Amino acid sequence: MWIKICGNTNLEDAQLAAEAGADAVGFVFAESPRRVNAMQVSVITPHLPNTIEKYGVFVDADFGTIARTVVESGLTGVQLHASPDPLLTLQLRDHFGSTLRILQVIHYAQDFGKQLKILRNERAIDAVLIDSRTATAVGGTGTRFDWQAASHGFQNSSPQLRLIAAGGLKPENVAEAIRTLQPWGVDVSSGVESAPGRKDPVRVRAFVAAAKTAAEQVVASLR
Ligand SMILES: O=C(O)c1ccccc1NCC(=O)[C@H](O)[C@H](O)COP(=O)(O)O
């Protein structure tokens with residue numbers, strides 16, 4: 001199970017995620033209580049293990065802004081919170097090659113199966129992150145979508161499309177999400193915070209442990 005802890009604003013929290021066993025950390029370069037800039041992130045990333053993926057979260061940003069931020073901040077991946085734009089993802093892939101991981105976000109809605117079908121043929125993206133949105137926010141909402149309704153789409157998406165579940169996950173419910181959706185990965189931000197932009201060490205460790213245990217149980221039950 002791939003695990004990403006998003007919405008980091010400082011070195012201590014990003015190191016905590018790495019030490020807890022997460023595979024990736026995220027930094028939000030968009031309107032948010034967790035917003036950071038390239039200068040701030042550039043002094044965090046050199047102190048993180050090479051093995052942990054470092055994602056920048058972008059909302060409606062253009063190629064130039066994203067490419068510059070990736071280089072200045074020392075990122076290894078991008079999370080695109082905007083309507084899928086095949087031209088943008090191709091530009092990023094052409095520019096960075098396979099060194100950059102590209103996550104496309106779609107917000108859960110009734111037609112998400114249709115959206116997944118379209119993305120199935122998108123060669124430039126590495127995974128699709130399914131998130132919740134509210135009237136005022138496109139990410140970091142702490143709101144879960146209807147996992148039961150979504151489970152069919154998750155389990156029937158094409159095997160080459162890696163699906164990451166996000167939106168309202170927390171230590172108390174990540175096992176249920178994994179059992180219901182059987183995603184390739186999980187992503188969390190507000191569910192492991194003590195306040196917006198500050199991670200709670202106990203909750204981060206509990207989240208990673210619960211996700212790993214649930215994933216092992218799902219694998220064992222499928223044998
Ligand atoms: O965190 C934000 O405020 C934010 C703002 C705009 C776009 C994305 C944002 N966050 C992305 C994430 O933190 C997560 O990838 C995802 O949305 C899950 O968040 P949560 O429901 O808080 O676990």
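Please read all numbers here as calculations on a predicted model, not as lab measurements. Order of listing sets the numbers, starting from 1, for every ligand and every atom in it.
With 3.5 Å as the limit, one finds no donor-acceptor pair spanning the side chains of T89 and Q104.
Residues meeting the side chain to side chain donor-acceptor pair (under 3.5 Å) test with R203, sequence neighbours left out: E172. By the ring pair (Phe, Tyr, Trp, His ring centres under 6.0 Å) test, F29 pairs with F58, sequence neighbours left out.
Ring pair F63/H95: centre-to-centre distance below 6.0 Å.
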Provide, line by line, the atom pairs where ligand 1 and the protein bring an N/O atom each to a distance under 3.5 Å; else say none.
| unit_1 | atom_1 | unit_2 | atom_2 | d |
| --- | --- | --- | --- | --- |
| ligand 1 | 1 (O) | R34 | NH1 | 3.0 |
| ligand 1 | 3 (O) | S32 | OG | 2.6 |
| ligand 1 | 3 (O) | R34 | NH1 | 2.8 |
| ligand 1 | 10 (N) | G140 | N | 3.4 |
| ligand 1 | 15 (O) | Q79 | NE2 | 2.9 |
| ligand 1 | 15 (O) | D187 | OD2 | 2.5 |
| ligand 1 | 17 (O) | D131 | OD2 | 2.5 |
| ligand 1 | 17 (O) | G140 | N | 2.8 |
| ligand 1 | 19 (O) | G140 | N | 3.4 |
| ligand 1 | 21 (O) | G142 | N | 2.9 |
| ligand 1 | 21 (O) | G168 | N | 2.9 |
| ligand 1 | 22 (O) | S190 | N | 2.9 |
| ligand 1 | 22 (O) | S190 | OG | 2.5 |
| ligand 1 | 23 (O) | S189 | N | 2.9 |

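Pairs passing the salt bridge (charged side-chain N to carboxylate O under 4.0 Å, His left out) check and including a residue from residues 63-72, sequence neighbours excluded, do not occur.
Taking the six-membered ring where the residue is Trp, W2 and Y55 present perpendicular rings, their angle passing 60° and hence far from 30°.
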